[in-house]
Number of protein chains: 2
Amino acid sequence: MSKDTREKILDAGLRLFSKKGYLGSTTKEIAKAAGVAELTLFRHFASKEKLFEEMISRHSFLPALKVLLPGLKDMSYEDALFEIAKRFLERLSERRELIRIMHSEIYLYPAKVKEIYHTFIDEILRTLASYFRDLQGRNILRDFNPEAGARAFLGMFFSFFNSQEFLMRKEVRNIDTEKVIRDFIDIFIRGTMK
Amino acid sequence: MSKDTREKILDAGLRLFSKKGYLGSTTKEIAKAAGVAELTLFRHFASKEKLFEEMISRHSFLPALKVLLPGLKDMSYEDALFEIAKRFLERLSERRELIRIMHSEIYLYPAKVKEIYHTFIDEILRTLASYFRDLQGRNILRDFNPEAGARAFLGMFFSFFNSQEFLMRKEVRNIDTEKVIRDFIDIFIRGTMK
DNA sequence: GTAAAATGTAAGTAAGCGCTAACATAATAT
DNA sequence: ATATTATGTTAGCGCTTACTTACATTTTAC
């Protein structure tokens, strides 16, 4: 069975599940969106549920913001935070379908959804916390709980992303995104530096 | 047709919709949870969709944190922020079912969901921003964008609430909630005061 | 105490769902 | 060229769903 077909179905699944939810998407519809017969879908995936699960695990891994970390040492604190925030928001945008699924299917697949959350957020939380800890060691940052700091920082942006992406009226969006980010960072910097 | 019955059905609807989503909840099941016959449900609501809509609009109004505002003037900045954060988190907890629905049914009812969001978050955002503006006028806070500040502040807590409530493993929860809140506020205060 | 209003019971309809069976056709490999 | 593999077509099964019909029973109001 061709790999291309499989990918086409997985892609269509991602799109539809994120748009209409798991129960709201039908196998017929997914097959049509993938440009294959419904039966072909079932030849590749034993069930709708298996398709969903494979789609999730296919997309949930995180090519990791961790690669950013070494580069940060050579930047000012402000630039570093800006870089992290920017990358984080970009990454959320790239994965907006998955985030949407995460929000909407939590009642159906708590385990799967938590898996997404943790591969997505947990690692960057830890990474950021260790960055803070390092700067505290070098006496640049004051003494605060690095985990709480990371949570506060990413929380501001995650929440901002969600309201921009899913909850705001179109007219209100993008008016001053960049500026809001700078304001967030500004507050955060003053709140954490020595 | 009795008002009690109507309420019982609306309550059961809230519980089930939040637990299983709109499509995941059946009218039979809702009726059973309400302790009435399925037919009675349809005698009170023309359709499942109408029930959903009425349930949403019944619960979405916000008895307003606005009443807090006058009292804040007599508190220290820190105490005021703590009070706001506490009340905000309490309010989110009280309405956790609705928040869950907001997350999960956004693909079905974007308009309704945005309505919830705006009655819920928008007003407190504005209230908080005006509080900041006031303190800036009295030269207690430095010059920053009050709307962005309000967004950052509530965003930290909203995001924290969501991860606590929906995404964290039970074991991790409640270990240091109070402390995390204090850390958030601490960062925020240092970030915004003169 | 009786009429009216509210609810219950039971059976069923029409439609849509996930999924399968049977067979035909196209693409690929050797 | 032929065997194999991947897909298409069509029809349908068994089940569940939202919602209805017809009628019996309970609750309420005056």
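The sequence lines fix the lettering, A, B, ..., with proteins before strands; numbering per chain opens at 1.
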Between B/Arg138 and B/Asp134, does any side-chain N to carboxylate O distance fall below 4.0 Å?
yes

State which of D/dT17, D/dG8, C/dT7 makes the closest approach to the side chain of A/Arg43.
D/dG8

Counting distance only, does the side-chain N/O of A/Asp79 pair as donor-acceptor with the main-chain N or O of A/Met75 below 3.5 Å?
no

What's the NZ-P distance between B/Lys48 and D/dC19, to the nearest Å?
8 Å

Could you give the CD-to-P distance, from B/Glu38 to D/dT16, as a whole number of Å?
14 Å

Find the distance B/Ile9:CD1 to D/dC19:C1' and express it as a whole number of Å.
14 Å

Could you tell me whether a side-chain N or O of A/Gln136 sits under 3.5 Å from a main-chain N or O of A/Phe144, the two making a donor and an acceptor?
yes

Can you tell me the distance, in whole Å, between the CZ atom of A/Phe52 and the C1' atom of C/dG18?
16 Å

Measuring from the side chain of B/Leu39 (C-beta onward, heavy atoms only), which nucleotide among C/dA21, D/dT20, C/dC17 has the closest atom?
D/dT20

More than 12 non-hydrogen atoms from neighbouring residues, nucleotides or ligands closer than 6.0 Å to CD on A/Glu7, yes or no?
yes

Nearest to side-chain heavy atoms of A/Val36, which nucleotide of D/dG8, C/dT7, D/dC19
D/dG8

Which nucleotide in the list C/dT7, C/dC19, D/dT7 gets nearest to the side chain of B/Thr5?
C/dT7

Taken to the nearest whole Å, CD/B/Glu29 to C1'/D/dT16 is 12 Å

Ionic contact status for B/Glu83 with B/Arg87, cut-off 4.0 Å:
yes

Look at all strands and tell whether B/Gly24 reaches a base, only sugar-phosphate, or nothing, counting heavy atoms closer than 4.0 Å.
nothing

Starting from C1' on C/dG18, measure out to NZ on A/Lys50 and report it in whole angstrom.
16 Å

CZ of B/Phe42 versus P of D/dT21: gap in Å, rounded?
13 Å

By nearest heavy atom, map A/Glu49 and B/Asp4 onto DNA chain C; which one lands nearer the 5' end?
B/Asp4

Given C/dG8, D/dC19, C/dC19, which nucleotide is nearest the side-chain atoms of B/Ala37?
C/dG8

Could you work out which one of D/dT20, D/dT7, C/dC19 sits closest to the side chain of A/Thr40?
D/dT7

Which of these nucleotides, C/dG18, D/dG8, D/dA18, is closest to any side-chain atom of A/Thr27?
C/dG18

B/His44 atom NE2 is separated from C/dA5 atom P, nearest whole Å, by 15 Å

